[in-house]
Amino acid sequence: MRVTEADGRVEITGVSDFDPEKIFECGQCFRWRRQADGSFLGVAMEKAARVRREGDKILFSGGRAEFEAVWFPYFDLERDYGSVRWEISQDPRMHAAAEYGAGIRILRQEPWEALCSFLFSQCNHIPRIRQIVETLCSTYGEPIEFENRIVYTFPKAERVAELSLGDLEVLRSGYRAPYILSAARAVTDGSLNFEALAGVSTEEARRALASLPGVGRKVADCVLLFGMGRTDAFPVDVWVRRAMERQGDRFDPSAFGENAGIAQQYIFFYERSGGAGKECAG
DNA sequence: GAACAGGTGAAGT
DNA sequence: ACTTCACCTGTT
């Protein structure tokens with residue numbers, strides 16, 4: 001990977017598997033929006049950014065220092081997705097999905113944001129999840145200026161913990177609102193400590209997350225995968241379940257080891273695209 | 001208007 | 001251990 005800085009932005013070349021559209025629209029995150037010029041604008045890690053692809057170049061707003069401190073880890077640029085994808089493709093059942101998902105990367109989001117986002121996700125469509133998250137941020141996040149506009153950070157757990165259910169009504173998040181409040185309180189009072197969970201097994205971290213109200217196996221695995229860098233976590237939602245059931249034969253995600261979560265994202269993206277359905281029609 | 005949506009947890013077999 | 005249901009809200 002080659003990194004150059006110019007005009008207040010960073011260009012990288014020589015990165016395989018970086019398709020902004022797939023990364024931001026494969027359902028793992030909810031705060032990046034496509035702009036009229038084809039770039040994506042978002043806020044993550046308390047920073048706003050614009051990201052675009054031009055041919056084999058990826059452009060990031062901001063300087064090299066910010067890129068190295070924030071966006072390099074956030075976009076998981078250390079991982080060679082080309083070879084991960086090749087390994088996953090060795091399972092013939094994964095071949096089509098892995099090829100279709102070329103360009104996806106698993107973002108390393110903040111664990112608290114991932115926890116909230118996937119608590120909101122239950123029984124909701126993606127547009128609605130985005131709406132709820134955006135309202136949470138614009139109402140309770142911190143304003144920051146970016147390219148002559150105001151955008152909002154994701155509010156910290158400490159901020160949410162001091163809110164009431166009434167304060168959250170503006171989100172229209174229904175029965176999920178109390179889940180958010182108790183999660184915020186758990187993070188704030190230390191009974192859920194993400195830093196400490198970095199040092200325990202995935203299974204133990206999963207148990208800790210699932211002890212929160214409203215967090216079951218699926219949401220816990222989403223937090224592990226999208227917010228805690230646990231690529232061995234394999235969230236099973238209705239789409240992935242459908243794909244697995246169609247295999248008829250037993251499908252064991254643990255066979256993918258540390259790549260299970262990435263395989264999951266290929267399956268999810270492919271299944272939602274409808275590509276898998278066509279294959280089976282007949 | 002009923003049914004459903006990236007789930008969870010309690011209560012019923 | 002497996003199945004059923006309610007849960008807010010918005011959309012089809």
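Naming convention: chains lettered A, B, ... in sequence-line order (proteins, then strands); numbering from 1 in each chain. None of these values were measured; they are calculated from a predicted model.
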Extract all donor-acceptor atom pairs below 3.5 Å that involve side chains of residues 118-129 of chain A and protein atoms in other chains or at least two apart in sequence.
residue, atom, partner, partner atom, Å
A:S121, OG, A:F118, O, 2.8
A:N124, OD1, A:R176, NE, 3.4
A:R128, NH2, A:R172, O, 2.8

Just distance, no hydrogens or angles: give the donor-acceptor pairs under 3.5 Å from side chains in residues 216-226 of chain A, sequence neighbours left out.
residue, atom, partner, partner atom, Å
A:R217, NE, A:D221, OD2, 3.1
A:D221, OD1, A:R206, NE, 2.6
A:D221, OD1, A:R206, NH2, 3.0

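Remark: A:E147 pairs with A:R50, A:R149 by the side-chain contact (heavy atoms from CB on, under 4.5 Å) rule, at least two apart or across chains. Residues satisfying the salt bridge (Lys or Arg N to Asp or Glu O under 4.0 Å) criterion with A:R34, sequence neighbours excluded, are A:E21. By the ring pair (Phe, Tyr, Trp, His ring centres under 6.0 Å) test, A:Y81 is found to be paired with no residue, residues two or more places apart in sequence or in another chain being considered. Every residue was checked against the salt bridge (Lys or Arg N to Asp or Glu O under 4.0 Å) condition with A:E158, not counting sequence neighbours, and none meets it.
Atom CD1 in A:I23 sits 9.5 Å away from atom OH in A:Y74 (nearest 0.5 Å).
Contacts classified as salt bridge (Lys or Arg N to Asp or Glu O under 4.0 Å) and involving residues 177-199 of chain A (residues at least two apart or in different chains) are not found. Residue pairs meeting the salt bridge (Lys or Arg N to Asp or Glu O under 4.0 Å) criterion with at least one member in residues 81-95 of chain A, sequence neighbours excluded: A:D17-A:R85, A:D91-A:R93.
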**Report entry** Residues A:R105, A:D76; criterion salt bridge (Lys or Arg N to Asp or Glu O under 4.0 Å); working and verdict
**Finding:** CA-CA 7 Å; A:R105 309 182 77 85; A:D76 199 18; 5.7 Å; no
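Ring pair A:F75/A:F60 is perpendicular by interplanar angle, where above 60° counts as perpendicular and below 30° as parallel. Ring planes of A:F251 and A:F234: tilted class, angle from 30 to 60°. In this pair, A:F154 and A:W112 present their aromatic rings perpendicular. The plane angle is above 60°, beyond the 30 to 60° band.
Comparing the same atom, C1', in C:dC2 and in B:dG6 gives a spacing of 23 Å after rounding to whole Å. Taking the P atom of each, C:dC8 and B:dA11 are spaced 16 Å apart, rounded to whole Å.
A:I126 comes within contact range of at least one nucleobase, with a heavy-atom separation under 4.0 Å. Using a 4.0 Å heavy-atom distance criterion, A:R176 is classed as a base contact. No contact: A:V240 has no heavy atom under 4.0 Å from any strand. Using a 4.0 Å heavy-atom cutoff across all strands shown, A:F268 reaches at least one base atom of the nucleic acid.
Counting only Watson-Crick and G-U wobble pairs whose two key distances fall under 3.5 Å, DNA chain C forms stems of three or more stacked pairs at B:2-5 with C:9-12, B:7-13 with C:1-7.
Residues A:C26 and A:P213 both approach DNA chain B. Their nearest nucleotides, taken by heavy-atom distance, put A:C26 toward the 5′ side. Taking for each of A:W239 and A:G214 the nucleotide of DNA chain B with the nearest heavy atom, the 5'-most of the two is the partner of A:W239.
Less than 4.0 Å separates DNA chain B from no heavy atom of any residue of residues 160-171 of chain A.
As a whole-Å value, the separation of A:L181 CG from C:dC8 C1' is 15 Å. Following rounding to the nearest Å, A:Y179 (OH) and C:dC7 (C1') show an atom-to-atom distance of 7 Å.
In summary, contact between chain A and DNA chain B, defined as any nucleotide atom under 4.0 Å from a heavy atom of the protein, begins and ends at B:dA5 to B:dG9 in the 5' to 3' direction.
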Within the sub-3.5 Å range, which N or O atoms of nucleotides 10-12 of chain C have a protein N or O partner, and how far apart are they?
residue, atom, partner, partner atom, Å
C:dG10, OP1, A:R172, NE, 3.3

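The cluster map of Ile, Leu, Val, Met, Phe, Trp and Tyr, joined by side-chain heavy atoms under 4.5 Å apart, puts A:Y152 and A:L163 in different clusters.
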